[in-house]
Peer 1: 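Take this structure, written in structure tokens, and hold onto it; I'll ask about it next.
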Amino acid sequence: MLPERIETERLVLRPWGLSDVGDVLTYARDPGWAQFLKALPIPYGRKHAEEFIARQILLDRSTHPAWAIGLDDGAVGGINLRLNLQHRRGEIGYSIARPLWNRGFMTEATGAVVHAAFSTLPELNRICAMADVRNTASQRVMEKIGMTREGVLRQNRIEREEPIDEAWYGILRSEWRG
């Protein structure tokens, strides 16, 4: 299993806790933060933050480890890895509060999770991620951690009655520079 706690130069990736509800509510209320995320309720209320935290706490860490991204004793975002070890792959997902965008925090967190996953799970062969094609910042994060753009799935999902194109990225164990 992946570690419950991962420390980087500036961040602590740790289990979600009930005390994180207020932090989640603060950053998730920002419509700019939510613009590329799937199916978030608008407006985002305390009930939604509580339900999100409860779901994170209840995840099976052996197949879906998830971490709060901690900075200065607060949760500023989240990162998770959905594992399918039968097919030797994982899919990473992430988000961080908008005031922290473009400061390298997400690259730091995703790089640490990819490193932990390949280091801990020898059977893991591939990690992938996807982003709305308009979310160029998220695509830059994937590229900075060594992922390759593998293609675009046109109108792969519908959000608020709008078809969304998704850019898919991946990194193979053989490409990873641990």
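Just so you know, these numbers come straight off a predicted model, no measurement behind them. The figures that follow rest on heavy atoms only: side chains count, while hydrogens, waters and symmetry mates do not.
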Peer 1: When rounded to the nearest 0.5 angstrom, what distance separates OG1 in T63 from CE in M1?
Peer 2: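 That separation rounds to 10.0 Å.
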Peer 1: What do you reckon, is CG of L18 surrounded by more than 12 foreign heavy atoms closer than 6.0 Å?
Peer 2: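 No, the 6.0 Å shell around CG holds no more than 12 heavy atoms from other groups.
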Peer 1: If Ile, Leu, Val, Met, Phe, Trp and Tyr residues are connected whenever their side-chain heavy atoms lie under 4.5 Å apart, and connections chain through other members, are W101 and L13 in the same group?
Peer 2: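 The answer is yes; both residues are in one hydrophobic cluster.
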Peer 1: Can you confirm whether L83 sits close enough to P65 that some side-chain heavy atom of one is under 4.5 Å from a side-chain heavy atom of the other?
Peer 2: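 Side chain of L83 against side chain of P65, heavy atoms only: contact under 4.5 Å found.
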Peer 1: Apply side chain to side chain contact (heavy atoms under 4.5 Å, CB included) to M147 and I127, showing your working.
Peer 2: CA-CA 9 Å; M147 289 185 157; I127 297 175; 3.9 Å; yes
Peer 1: Among residues two or more places apart or on two chains, list those pairs meeting ring pair (Phe, Tyr, Trp, His ring centres under 6.0 Å) that have a residue in residues 146-178.
Peer 2: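 Listed once each, the pairs are H115-W176, F118-W176.
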Peer 1: Charged N to carboxylate O below 4.0 Å: is that the case for E166 and R157?
Peer 2: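 Result for this pair is yes, salt bridge flagged.
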Peer 1: Indicate the atoms forming the closest heavy-atom contact of A117 with L81, along with that distance.
Peer 2: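 It is CB-CD2, 3.7 Å.
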Peer 1: List the atom of L40, the atom of A34, and the distance in Å for their closest heavy-atom pair.
Peer 2: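 Smallest heavy-atom distance, with atoms named: CD1-CB, 3.8 Å.
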Peer 1: Only pairs at least two apart or in different chains count here, so list each salt bridge (Lys or Arg N to Asp or Glu O under 4.0 Å) that has a residue in residues 117-126.
Peer 2: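 Pairs touching residues 117-126 that pass the test: R126-E150.
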Peer 1: Any ion pair linking R98 and D30 (charged N to carboxylate O, less than 4.0 Å)?
Peer 2: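 A salt bridge is present here (some side-chain N lies under 4.0 Å from a carboxylate O).
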Peer 1: Which pairs pass side chain to side chain donor-acceptor pair (under 3.5 Å) with one or both residues in residues 77-86, sequence neighbours excluded?
Peer 2: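 As it turns out, the side chain to side chain donor-acceptor pair (under 3.5 Å) pairs with a partner in residues 77-86, which skip direct neighbours, are H64-N80, N80-R82, R82-E91.
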Peer 1: With a 4.5 Å heavy-atom cut-off, do I92 and T110 have their side chains touching?
Peer 2: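 A side-chain contact under 4.5 Å exists here.
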Peer 1: For L100 and L71: C-alpha separation, side-chain torsions, deciding distance, then whether side chain to side chain contact (heavy atoms under 4.5 Å, CB included) applies.
Peer 2: CA-CA 10 Å; L100 301 176; L71 177 68; 3.9 Å; yes
Peer 1: Is there a donor-acceptor pair under 3.5 Å between the side chain of S138 and the backbone N or O of N135?
Peer 2: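 Between the backbone of N135 and the side chain of S138 there is no qualifying donor-acceptor contact (under 3.5 Å).
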Peer 1: Can you measure from CD1 (I171) to OG1 (T148) and round to the nearest 0.5 angstrom?
Peer 2: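 One finds 7.5 Å between CD1 of I171 and OG1 of T148.
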Peer 1: Under 4.5 Å between side-chain heavy atoms, chaining through other members, with only Ile, Leu, Val, Met, Phe, Trp and Tyr counted: pull out the rest of the cluster around V133, sorted by chain and number.
Peer 2: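 Once heavy-atom contacts under 4.5 Å are chained together, V133 belongs with V152.
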Peer 1: Would you give the length of the straight line joining atom CG of L85 to atom CZ of R88, rounded to the nearest 0.5 angstrom?
Peer 2: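 One finds 9.5 Å between CG of L85 and CZ of R88.
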Peer 1: Could you check whether any side-chain N or O of D165 sits under 3.5 Å from a backbone N or O of Q155, counting only pairs where one atom can act as donor and the other as acceptor?
Peer 2: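 Yes; judged by distance alone, with no hydrogens or angles, the pair exists.
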Peer 1: Are side-chain heavy atoms of L124 and R173 found at a separation under 4.5 Å?
Peer 2: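 L124 vs R173: side chains touch.
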Peer 1: Any chance you could lay out the side chain to side chain contact (heavy atoms under 4.5 Å, CB included) test for K47 and F52, step after step, and finish with the verdict?
Peer 2: CA-CA 9 Å; K47 174 187 171 203; F52 169 79; over 6 Å; no
Peer 1: Heavy atoms, side chains only, cut-off 4.5 Å: are M106 and I69 in contact?
Peer 2: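 Yes; the side chains approach each other to less than 4.5 Å.
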Peer 1: Restricting to non-hydrogen atoms, name the atom on Q139 and the atom on A167 that form the minimum distance, rounded to 0.1 Å.
Peer 2: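 Answer, listing the atom of Q139 first, then A167: OE1-CB, 3.7 Å.
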Peer 1: Between A97 and W33, what is the shortest heavy-atom contact and its length?
Peer 2: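 Heavy atoms only, the tightest pair is CA-CD1, 4.0 Å.
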Peer 1: Under 4.0 Å between a Lys/Arg side-chain N and an Asp/Glu carboxylate O for E162 and R134?
Peer 2: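 So E162 pairs with R134 through a salt bridge.
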Peer 1: I need the minimum non-hydrogen distance between A75 and D23, along with the two atoms involved.
Peer 2: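 Distance-wise, the nearest heavy atoms are N-OD2, 2.9 Å.
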Peer 1: Could you check whether any side-chain heavy atom of L25 comes within less than 4.5 Å of a side-chain heavy atom of R46, counting everything from C-beta outward?
Peer 2: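 The answer is yes, as the side chains (C-beta and beyond) meet within the 4.5 Å cut-off.
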Peer 1: Under 6.0 Å from the ring centre and within 45 degrees of the ring axis: does the NZ or CZ of R5 meet both conditions for the six-membered ring of W67?
Peer 2: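 Verdict for W67: no cation-pi partner in R5.
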Peer 1: So R140 and N102, side chain to side chain contact (heavy atoms under 4.5 Å, CB included) or not? Walk me through it.
Peer 2: CA-CA 10 Å; R140 279 195 312 273; N102 299 310; 3.3 Å; yes
Peer 1: Give the table of side-chain donor-acceptor pairs shorter than 3.5 Å for residues 53-60, with sequence neighbours excluded, one pair per line with atom names and distance.
Peer 2:
residue	atom	partner	partner atom	Å
D60	OD1	S62	N	2.9
D60	OD1	S62	OG	2.7
D60	OD2	S62	OG	3.2

Peer 1: With sequence neighbours excluded, give me every side chain to side chain donor-acceptor pair (under 3.5 Å) pair touching residues 8-17.
Peer 2: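 The answer is T8-E108, R10-E108, R14-D20.
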Peer 1: Looking only at heavy atoms, which two atoms of H48 and P41 are closest? And how far apart?
Peer 2: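 H48 and P41 have their closest heavy atoms at CD2-CG, 3.3 Å.
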Peer 1: Does a donor on one side chain and an acceptor on the other come within less than 3.5 Å for Y27 and S95?
Peer 2: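 No, because no side-chain N or O of Y27 sits under 3.5 Å from a partner of the opposite role on S95.
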Peer 1: Is there a path of hydrophobic side-chain contacts, each under 4.5 Å between heavy atoms, that joins L121 and V113?
Peer 2: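 Same cluster: L121 reaches V113 through Ile, Leu, Val, Met, Phe, Trp or Tyr contacts under 4.5 Å.
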